[in-house]
Amino acid sequence: MRHVVLFHSVYGLRPAVRAAADRMRAAGHRVTTPDLYGVPATDTVEEGFALLDKVGHEVVLDRARAALRDLPPETVLAGFSMGAGVAGALLAERPDAAGLLLLHGTGGAPDAVRAGLPVQLHLADPDPYDAPEEVDEWRQAMTDAGADLTVFRYPGVEHLFTDPDLPEHDPEAAAEAWPRVLAFLAAR
């Protein structure tokens, strides 16, 4: 059993995030899904970015830190899209994290990586928010920093392919991703 904090995408705390947390809980993990906005989720990515601008990046990070405050140091940091960036941003403050699980976006700076840190990335190929050359550079930098990195690319799918409530949902790719995610958590 592992503690996991799962940060939401720019849309906000959507049912798909809660369902992912339930899937992890069913596998025996304790999962926290903080609401980084404090208001209902949006229906479009444009509304999500407007809400992020309104709430502010620093407030989002402060709320993420507050969600982690009472969790053990070895909590797995996880996130969807923007939430992957939040998880990665907090890695420097959580050096004992058991792992970094990134769904639909890269996250984490190489200077925050400890040798052997388990990192798993699930990303559309190509992804509109993470250009292939940027992903390659990030991958190399994380590996050079000592991360135990596994990258899963999903050709021909769209960005948030695991969210069944969005038009970009791809059931086959999602069905491939979830066993990989659960195996990652089980190995921690």
Side-chain angles (χ1 to χ4, degrees), residues 1-25 27-42 45 47-123 129-130 134 138 141-142 145-149 159-160 162-163 181-182 184-185 187-188:
M1 190 237 0
R2 182 59 60 198
H3 284 270
V4 180
V5 63
L6 182 60
F7 298 115
H8 60 72
S9 74
V10 75
Y11 282 89
L13 187 55
R14 295 176 47 79
V17 177
R18 290 186 174 103
D22 287 344
R23 187 183 299 252
M24 294 173 189
R25 288 182 190 111
H29 305 289
R30 293 185 179 176
V31 185
T32 302
T33 54
D35 183 350
L36 302 177
Y37 290 163
V39 296
T42 64
V45 70
E47 291 171 346
F49 279 114
L51 187 54
L52 175 60
D53 287 343
K54 181 178 178 183
V55 172
H57 190 68
E58 284 307 311
V59 170
V60 165
L61 288 175
D62 287 344
R63 289 177 177 168
R65 286 182 188 103
L68 283 165
R69 191 169 295 125
D70 295 328
L71 296 178
E74 64 279 359
T75 295
V76 172
L77 304 175
F80 282 88
S81 189
M82 176 200 80
V86 170
L90 296 178
L91 185 59
E93 299 170 26
R94 304 286 292 197
D96 294 326
L100 183 61
L101 175 59
L102 308 169
L103 298 151
H104 314 293
T106 58
D111 60 349
V113 171
R114 72 172 188 277
L117 175 72
V119 180
Q120 190 177 81
L121 169 65
H122 298 266
L123 196 64
Y129 299 102
D130 288 291
E134 292 172 0
W138 174 85
M142 292 292 277
D148 179 8
L149 175 64
H159 182 63
L160 280 169
T162 63
D163 188 330
V181 166
L182 295 177
F184 176 81
L185 294 176
R188 307 292 67 90

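- Every side-chain hydrogen bond (donor to acceptor under 3.5 Å, both in side chains) that Asp22 has, sequence neighbours left out, goes to Arg25.
- Side-chain contact check for Leu101 versus Val4: every heavy-atom pair is 4.5 Å or farther apart.
- In this structure, the separation between CG on Leu13 and CZ on Phe7 is 11.5 Å, given to the nearest 0.5 Å.
- In this structure, Pro34 and Val5 approach most closely via the heavy-atom pair CD-CG2, 3.8 Å.
- Closest approach of Ala21 to Thr33, counting heavy atoms only: CB-CG2, 3.5 Å.
- When only modelled atom types and interatomic distance are considered, Ser9 and His104 share no side-chain donor-acceptor pair under 3.5 Å.
- Annotation: salt bridge (charged side-chain N to carboxylate O under 4.0 Å, His left out) contacts involving residues 91-107, sequence neighbours excluded, comprise Arg65-Glu93.
- Rounding to the nearest 0.5 Å gives a distance of 11.0 Å between CG of Leu77 and CG of Leu6.
- Side chain of Thr42 to main chain of Tyr11: a donor-acceptor pair is present (N/O by atom type, distance under 3.5 Å, no hydrogens or angles).
- Shortest non-hydrogen contact noted between Pro40 and Leu51 is O-CD2, 4.2 Å.
- Of all heavy-atom pairs between His3 and Pro72, the closest is CD2-CG, 3.4 Å.
- One N or O on the side chain of Arg63 and one on the backbone of Tyr37 form a donor-acceptor pair closer than 3.5 Å.
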Criterion side-chain contact (heavy atoms from CB on, under 4.5 Å) on Arg2 and Met24, from CA distance to verdict: CA-CA 9 Å; Arg2 182 59 60 198; Met24 294 173 189; over 6 Å; no
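- Side chain of His8 to main chain of Leu36: a donor-acceptor pair is present (N/O by atom type, distance under 3.5 Å, no hydrogens or angles).
- Looking only at side-chain heavy atoms (C-beta outward), Met82 and Leu52 come within less than 4.5 Å of each other.
- Smallest separation of non-hydrogen atoms from Ala89 and Leu61: CB-CD2, 4.1 Å.
- The only member of Leu149, Leu91, Leu90 that meets side-chain contact (heavy atoms from CB on, under 4.5 Å) when paired with Leu100 is Leu91.
- Here the side chains of Thr106 and Leu121 are in contact, with some heavy-atom distance below 4.5 Å.
- Atom NE2 of His122 is separated from atom OG1 of Thr162 by 9.5 Å, given to the nearest 0.5 angstrom.
- Rounding to the nearest 0.5 Å places NZ of Lys54 at 12.0 Å from CD of Glu47.
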side-chain contact (heavy atoms from CB on, under 4.5 Å) assessment of Val113 paired with Met142: CA-CA 7 Å; Val113 171; Met142 292 292 277; 3.5 Å; yes
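- Put simply, CG on Asp70 and OG1 on Thr32 are 9.5 Å apart, with the number rounded to the nearest 0.5 Å.
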Test log, rule side-chain contact (heavy atoms from CB on, under 4.5 Å), inputs Leu160 and Ser81: CA-CA 8 Å; Leu160 280 169; Ser81 189; 4.2 Å; yes
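- A distance-only check finds no donor-acceptor pair linking the side chain of Arg30 to the backbone of Met1 [under 3.5 Å].
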Step-by-step side-chain contact (heavy atoms from CB on, under 4.5 Å) determination, Arg14 to Asp163: CA-CA 9 Å; Arg14 295 176 47 79; Asp163 188 330; 2.8 Å; yes
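- Counting all heavy atoms, side chain and backbone alike, Asp148 lies closest to Gly116 at CB-O, 3.8 Å.
- Within the 3.5 Å criterion, the main-chain N or O of Gly108 finds a donor-acceptor partner in the side chain of Trp138.
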